[in-house]
Amino acid sequence: MGSRVFSISLATILTTAWAAPAETAERFGYANILQRGTQVRDAYDYIIAGAGTAGLTLADRLTADGKYSVLVIEYCYPSSNGRNFLDPGISYNISSIPQVDMNNREQQVRIGCCVGGSSAINGMVFVRGTKPEYDGWAELGGTKSTWDWNGVLPYFKKASHFNPPDEVLAKNFNITWDPEVWGQDPDTHIYASYPNYEEPVMIPFYNAAAKMPKMPIPKDGAGGKSGLFWFPTSMDNQKYWRSYSRTGHYDNIKRDNYDVITMHKVKKILFDGTTATGVQFSPRDTNQTLTARARKEVIISAGTVHTPQILQNSGIGPKDLLTQAKIPILIELPGVGQNFQDHAYLAVNYQWGNGSGPIGPNITQTGNPSSIAGPNLGAWIGLPTMTDDFEKIASRYEAQDPAQYLPKNTHPTVIAGYKAFQKLHAKLLRSTNSNWLWLPIFGQPGGIVMSMHVVSHGTINIDPANPDAEPIVDYRALSNPIDLDIMVENIRYMRKFMNSSAFAASRPTETGPGINVEGNELKEWIKSVLIPTNFHPIATAAKKPKEMGGVVDEELRVHGTKGLRIVDGSIMPTLPGANTQQSVYMIAEKVSLLTC
Ligand SMILES: Cc1cc2nc3c(=O)[nH]c(=O)nc-3n(C[C@H](O)[C@H](O)[C@H](O)COP(=O)(O)OP(=O)(O)OC[C@H]3O[C@@H](n4cnc5c(N)ncnc54)[C@H](O)[C@@H]3O)c2cc1C
Ligand SMILES: *[C@@H]1O[C@H](CO)[C@@H](O)[C@H](O)[C@H]1NC(C)=O
Ligand SMILES: *[C@@H]1O[C@H](CO)[C@@H](O)[C@H](O)[C@H]1NC(C)=O
Ligand SMILES: *[C@@H]1O[C@H](CO)[C@@H](O)[C@H](O)[C@H]1NC(C)=O
Ligand SMILES: *[C@@H]1O[C@H](CO)[C@@H](O)[C@H](O)[C@H]1NC(C)=O
Ligand SMILES: *[C@@H]1O[C@H](CO)[C@@H](O)[C@H](O)[C@H]1NC(C)=O
Ligand SMILES: *[C@@H]1O[C@H](CO)[C@@H](O)[C@H](O)[C@H]1NC(C)=O
């Protein structure tokens, strides 16, 4: 069995999850779906750009009591239920610019293009970051911030309905959970559930991981703690079906005050002075101009890739960029499109040298219930848990000049924000309770190691020559050499794990890069294979003070405007040490209370 085949199946499962059966007899009701711009009413209380993960969550909450009217404008279409999630027709087709520190390789920028947005195509891993990571969001936000762990936990609980695992399964596989950190709100239909089956081979893998030196084993990773734990997925355990913003916040909702128009693109925000009054939008792939008025607020939920584009095209962004694109400047906001971060990963390939090692699950796209987001087990750990060299790395990072690895001509406020980021991350590098490595455990030798924090910052800006085209995505992956140092430690950790006595008889053999590849040679190998995204883009409209390169304030209002909020992944100032969907739902829930 080629380890190549194996690593492809791992990557597939992490990034695309399963394909649904082709059709279902079920018939859903929907919000009022408008086909043509002319059906859109002249005015609504709220207009939301983007029917994605955050946009649909917010629209559901804002329309629930009937007091407010809401229009959601979505660029893509409602894919027929049961459509194959791997179908390129429900993803955007965007590539990054060549990455200089990745041997000029480009990266596909995968984001969902359908009602439901990225929650319709994601890997369904349903996790949260740790307490110090959200406390960091508050630290970067300023003294009055309410986005620390205690301030976000109630909205994490509100955002999903938790279904505990089957008791026998839990007992056999050491699955533990803490009901205190989960919610079971009857009005919440995003489900967090476990599969009803796990492969027995997971047991020796669990036991080997539990024996790793200093490995913490929290009762529940969702309680803000690092370590080895089983996690649920965003799955409806009754229907055994993907649970996402469309099934949770759109299907079966029919309210006179809730309109959704698909196949239309929000081009820019309309203003009276600096107060947002509505949006300009167009039928997809036309230049026909339509407008709709917002009595209370415009909310941009277009996702991390497109939210900065709408802002920049509305005259809110870095001055030089807008000047170059000949867009009149409404508000100079240097942080729009900057601070871009994403998780980065690669696969360390192994085979059992003694062909009779523990046999892992036969992960297939359909059928096998454990194939839904894989076997739900991982180690999410801090640098001090991985290596005694953590202090050296933290000190080296701390000693950097904050501007050293940022793009030339970075605005002083963005540099000031990076300096605060650097201070926070030097602290997180020394914490045993911050997830720097995610080691997904699949019951197979070797596999993926993922950097859950990156210190290289990228950009997502409009193309000044064609501001309406897809934006220019630059991960600037590995531009800060600390990210290379950390990936080296990730690989070494995988080597230590595969060296566990439990696997000795199977003689694990590293086939790529090879156990003797170390030092600079290992770094060169990383550059040649790194994938700079797990499709978790964030921070292009970061929640930070304006003087720190931020775009939105603590209530997610765009600095310097009235009546304009951003509610999606782009407001996260730093990566949680976790896949991002649960944090996006939490953000939308928290803000839905601020808007009314
Ligand atoms: C392949 C993949 C795998 C992933 N795996 C996981 C995982 O296993 N676990 C996890 O926690 N997270 C995962 N994620 C990440 C998670 O799904 C995202 O962080 C989250 O869904 C983002 O939500 P959002 O609301 O910010 O944006 P989205 O959900 O992407 O919504 C943005 C919406 O805005 C629309 N839009 C954009 N521009 C315009 C415009 N100009 N006018 C109108 N509409 C517009 C888009 O079409 C889209 O519907 C994955 C993501 C992907 C893509
Ligand atoms: C994606 O875009 C590339 C380059 O523009 C093009 O060659 C390719 O055919 C597109 N793929 C799909 C599935 O549309
Ligand atoms: C897992 O559960 C078994 C059975 O309850 C128990 O013996 C074992 O110690 C547990 N392992 C760990 C690492 O907790
Ligand atoms: C829209 O306008 C732009 C700029 O004038 C032009 O390049 C483009 O071809 C037009 N698109 C359509 C579909 O008419
Ligand atoms: C895995 O399962 C699929 C579908 O049941 C089957 O076609 C395939 O042969 C299996 N692969 C192995 C290696 O057993
Ligand atoms: C594997 O374990 C052996 C014995 O404990 C040790 O000598 C060796 O250095 C270890 N190798 C790695 C890569 O950790
Ligand atoms: C191969 O693995 C099996 C099962 O773990 C073990 O019984 C056997 O002794 C191993 N053989 C060698 C040569 O290591």
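Start at 1 and go down the list; that is how both ligands and their atoms are numbered. Numbers for residues simply follow the sequence, beginning at 1.
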With backbone taken as N, CA, C and O and side chain as the heavy atoms from C-beta onward, which portion of [X] lies under 4.0 Å from ligand 1: side chain, backbone, both, or neither?
X      : result
Thr304 : neither
Ser301 : backbone
Cys114 : backbone
Val584 : side chain
Phe126 : neither

Closer than 4.0 Å to some heavy atom of [X] - which atoms of ligand 1 meet that?
X      : value
Asp568 : 25 (O), 26 (O)
Thr580 : 10 (C), 11 (O), 12 (N), 15 (C), 16 (C), 18 (C), 19 (O)
Gly303 : 26 (O), 27 (O), 32 (C)
His306 : 37 (C), 38 (N)
His264 : 43 (C)
Lys265 : 41 (N), 42 (N)
Arg110 : 1 (C), 53 (C)
Ala54  : 25 (O)

For residues [X] and [Y], establish whether the separation of their ring centroids is below 6.0 Å.
X      : Y      : result
Tyr258 : Tyr46  : no
His343 : Phe535 : no
Tyr345 : Trp438 : no
His306 : Tyr92  : yes
Tyr475 : Phe340 : yes

Crowding at NZ, Lys265 (>12 non-hydrogen neighbours, <6.0 Å) =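 Atom NZ in Lys265 is packed in, count exceeds 12.
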
ask   = Are more than 12 heavy atoms from other residues, nucleotides or ligands located less than 6.0 Å from atom NZ of Lys158?
value =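 Yes, because the 6.0 Å sphere around NZ of Lys158 holds more than 12 heavy atoms from other groups.
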
Atom 7 (O) of ligand 4: any protein heavy atom closer than 4.0 Å =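 Flag for atom 7 (O) of ligand 4 set to false, no protein heavy atom closer than 4.0 Å.
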
message = Is atom 4 (C) of ligand 4 touching the protein, meaning some protein heavy atom lies under 4.0 Å away?
response =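 Given the 4.0 Å limit, the answer for atom 4 (C) of ligand 4 is no, no protein heavy atom qualifies.
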
Name the option, out of [options], that contains the heavy atom nearest to [atom].
atom                    : options                       : value
atom 13 (C) of ligand 1 : Met124, Gln581, His536        : His536
atom 4 (C) of ligand 1  : Val567, Ile73, Asn579, Asn122 : Asn122
atom 32 (C) of ligand 1 : Ala302, Gly123, Gly50, Gly117 : Ala302

query = Between atom CD of Gln309 and atom CD1 of Ile462, what is the distance when rounded to the nearest 0.5 Å?
reply =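 Interatomic distance, Gln309 CD to Ile462 CD1, rounded to 0.5 Å: 7.5 Å.
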
key: Atom pair NE2/CG of His536 and Asp342 - distance to nearest 0.5 Å   =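 Spacing of NE2 (His536) from CG (Asp342) equals 7.0 Å.
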
inquiry  = Looking at Trp436 and Leu428, would you say the former's side chain and the latter's main chain have a donor-acceptor pair under 3.5 Å?
reply    =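 Present.
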
inquiry  = Whether the side chain of Gln341 engages the backbone of Asn339 through a donor-acceptor N/O pair (distance < 3.5 Å, no angle test) should be reported.
reply    =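 Yes, the answer is positive, given that a donor and an acceptor are paired below the 3.5 Å cut-off.
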
task = Give the contacting part of Asp285 toward ligand 4: side chain, backbone, both or neither, where contact means a heavy-atom distance below 4.0 Å.
result =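 The answer is the backbone of Asp285.
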
request  = Apply ring pair (Phe, Tyr, Trp, His ring centres under 6.0 Å) to the pair Phe229 and Trp177, showing each step before the final yes or no.
outcome  = CA-CA 9 Å; Phe229 57 87; Trp177 67 96; over 10 Å; no

contact_flag Cys76 ligand 1 heavy-atom lt 4.0 Å =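 Yes; Cys76 lies near enough to ligand 1 that a heavy-atom distance drops under 4.0 Å.
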
ask   = Is Gln309 near ligand 1, meaning one of its heavy atoms is under 4.0 Å from it?
value =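 Per 4.0 Å heavy-atom rule, Gln309 does not contact ligand 1.
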
request  = Would you indicate whether Cys76 and Cys113 have their SG atoms under 2.5 Å apart?
outcome  =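 Answer is yes: Cys113 pairs with Cys76 in a disulfide.
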
Could you identify the single nearest non-hydrogen protein atom to [atom] and state the distance to 0.1 Å?
atom                    : value
atom 13 (C) of ligand 2 : Pro88 CB, 4.2 Å
atom 2 (O) of ligand 4  : Asn287 ND2, 2.2 Å
atom 14 (O) of ligand 2 : Asn93 ND2, 3.4 Å

key: Derivation of the salt bridge (charged side-chain N to carboxylate O under 4.0 Å, His left out) call for Asp553 and Lys543   = CA-CA 6 Å; Asp553 69 11; Lys543 178 192 73 59; over 6 Å; no

